[in-house]
Amino acid sequence: MTRSLLIANRGEIARRIIRSARRLGVRTVAVHSDVDAAMPFVREADAAVCIGTAAASDSYLRTDRLLAAARETGAEAIHPGYGFLSENADFAEAVIAAGLVWVGAPPASIRVMGLKDAAKARMIAAGVPVTPGYLGEDQSPERLQREADAIGYPVLIKAVAGGGGKGMRRVDAADAFAEALASCRREAAAAFGDDRVLIEKYILSPRHIEVQVFGDTHGHVVHLFERDCSLQRRHQKVIEEAPAPGMDPATRGAVCDAAVKAAKAVDYVGAGTIEFIADGSEGLSADRIWFMEMNTRLQVEHPVTEAITGQDLVEWQLRVASGEPLPKTQDQLAINGWAMEARLYAENPATGFLPSTGPLERLRFPRGLRIDSGVEEGGEVTPFYDPMIAKIIVAAPTRAAAANKLARACGKVEVWPVRTNAAFLARAAADPDFVAARIDTGFIERHADRLIPAAEPSEPVLQAAAHALLPPRGTVPWTALHGFRVNAAADLCVAVAVAGRTHLVTLTERPQATIADGVLYLAGEAWPFGPPRAGEQRRQAWCGPQYPPGQHDPRP
Ligand code: ADP
Ligand code: ADP
Ligand code: MG
């Protein structure tokens, strides 16, 4: 086993890798940009090296400085995490050329799988079913249009070098093709420095099914079953689960075997994921599941696989990179229970999911769950990197129980003043269609109305705020006026300013909310609240004749 490991990454995945390395007695070296100096992953590593400024191109993407940091600290191996240089074959080669152990896929496998057209061509040759389409041998707009017409609309134009959900355009009709092609090319050139595209049949009722594979240097390849990542927003994963709902054993066998075949076809070593797209209109069946791409790295959503298999995939990576055989054979692996993961992002669903950065004055998670997070209370979400705050991971014996646990967990998240998608996640996990596994990649867009929380505080938020403002029993202040009607139940009214707007609330039930420093947390939402300004109080906080001071107190 390698004795020391440099982690060429940051945030939650750096912490995740440190955890396994520490358990295995491997010394860890963190590298970081100057703005990340106070991040938990820097503190938790055994050593840390600042490698540049905030822009990733001046720090996390600098091969020269990463290798120099490894030399300086005597690190024997480099783990790239995900994103950044994890799927960069040149970097992998440079690491190996420097005499270091690369905790990743062989550069040749990365290279062939890195371009979607080359990957699909290789998979066709290996007999793996691929999404029907045109690989883009001829890139002239006329030819691409003809091929799209022949495939039949809707089609999906994809940048061959694309990733992270970028560089894709769905086209529904022939006359919209030329414009979509031009804009996809522009985006691809800007994001990936390569404007080549391929065209795929757009699969209707698409479900994203992927298989975790693992290879070692002794020629073994196993799979660790599938994940379903169909809950996406703009082609980016939001909630992932394992196993996939509705996957019968025969279909699972066929898909997982195809994934192993795909990995073997590129002599794969290490952790990888074969992504498939399934036509879920009539449930899952092997003849309607096609290879889409391979991610030659550890995946963001690997924890759900760890939860159902009981394996530590980072440990597997370190063992395989050290030349050990895979820790388990295929028949020693089994699915146990159900797991789900939600990606908590620093973004505001109410503003069309605009990113929200700033200090994390409050950051609380429910206890008793696996929370993989790169930040902590008192820290900050900066605009420089991925806006993911945490992954909330739950496991339960059944899918229904897991969904319920996830919904409750997301509802208990407390973050302020950074805005998050916690309430949105809680609603998605509790949604009747999600619970019934009526899911495909259009789920979020289709149900946006009921998933995105209203911009105005709900009645339970107002109730909780009003109860919180209520002064102790026996005092009758002028801020909380007591309505009183002869021969009628006494109403108790409280004026409360929530998010700067004054509301007059007639008290009824008291919802379970957390209140701290003038912010109220309820069902994943966070609302600043307090008494209205003096003028507004007198004008609005009136509800029937004032109750005589010092007498009967009608509050519940
Ligand atoms: P996963 O399936 O692991 O979620 P994603 O496609 O969401 O994979 O990517 C994981 C991380 O890698 C994200 O932070 C994403 O922004 C980043 N990423 C993926 N592909 C690219 C790429 N081609 N260029 C830059 N970043 C990428
Ligand atoms: P990336 O490298 O950006 O992850 P993928 O090829 O994996 O690109 O596609 C990302 C997402 O786009 C998929 O998870 C799926 O939701 C959607 N998608 C991709 N190909 C198709 C297709 N042929 N039909 C329908 N949806 C697709
Ligand atoms: Mg993908």
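All ligand and atom numbering here is 1-based and tracks the order in the structure. Hydrogens, waters and symmetry mates play no part in the numbers below; they use all other heavy atoms, side chains included.
Nearest residue to atom 4 (O) of ligand 2 from Lys166, Lys201, Glu293, Met294 is Glu293 (criterion: closest heavy atom). The closest heavy-atom contact to atom 27 (C) of ligand 2, among the options Asp279, Thr441, Leu156, comes from Leu156. Heavy-atom proximity to atom 6 (O) of ligand 2, evaluated over Arg207, Glu210, Lys158, is greatest for Lys158.
Nearest approach of Arg297 to Gly83, heavy atoms of both residues: CD-N, 4.2 Å. Ile393 approaches Pro303 most closely through the heavy-atom pair CD1-CB, 3.7 Å.
Judged by the shortest distance from any of its heavy atoms, Lys116 lies inside the 4.0 Å radius around the atoms of ligand 2.
Residue Pro206 has no N or O atom closer than 3.5 Å to an N or O atom of ligand 2. Considering backbone and side-chain atoms together, Ile277 places no N or O closer than 3.5 Å to any N or O of ligand 2. Considering backbone and side-chain N/O of His208, one or more are found under 3.5 Å from N/O of ligand 2.
At least one N, O or S atom of Glu275, from either the backbone or the side chain, sits less than 2.8 Å from the Mg ion (ligand 3).
Atoms of ligand 2 found under 4.0 Å from any heavy atom of Thr131 (numbered from 1 in listed order, with element): 23 (N). Interface atoms of ligand 2 facing Gly162, defined by a heavy-atom separation under 4.0 Å, are 2 (O). When each atom of ligand 2 is checked for a heavy atom of Gln232 under 4.0 Å away, the hits are 11 (C), 13 (C), 14 (O), 15 (C), 16 (O). The contact set between ligand 2 and Ile203, taken as ligand atoms under 4.0 Å from a residue heavy atom, comprises 22 (C), 23 (N), 24 (N), 25 (C).
With Asp431 as the fixed residue, the salt bridge (Lys or Arg N to Asp or Glu O under 4.0 Å) test singles out one of Arg438, Arg446, Arg450: Arg450. Partner of Arg227 under the side chain to side chain donor-acceptor pair (under 3.5 Å) criterion, chosen from Gln212, Glu241, His208: Gln212.
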Discussion item. Go through it in stages, so that I can follow the logic: the residues are Gln311 and Leu333, the test is side chain to side chain contact (heavy atoms under 4.5 Å, CB included), and I'd like the CA-CA distance, side-chain angles, deciding distance and then a yes or no.
Written reply: CA-CA 9 Å; Gln311 305 301 311; Leu333 293 163; 3.9 Å; yes
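The list of ring pair (Phe, Tyr, Trp, His ring centres under 6.0 Å) pairs with a residue in residues 424-445, not counting sequence neighbours, reads Phe353-Phe424, Phe443-His447. Residue pairs meeting the side-chain hydrogen bond (donor to acceptor under 3.5 Å, both in side chains) criterion with at least one partner in residues 110-130, sequence neighbours excluded, are Asp90-Arg111, Glu93-Arg111, Lys116-Glu293, Lys120-Glu200.
In this structure a side-chain-to-backbone donor-acceptor pair under 3.5 Å is present from Arg288 to Glu282.
Atom CD of Gln139 has more than 12 heavy atoms from other residues, nucleotides or ligands within 6.0 Å.
Distances from the Mg ion (ligand 3) to the N/O/S atoms of Glu293 are shortest for OE2.
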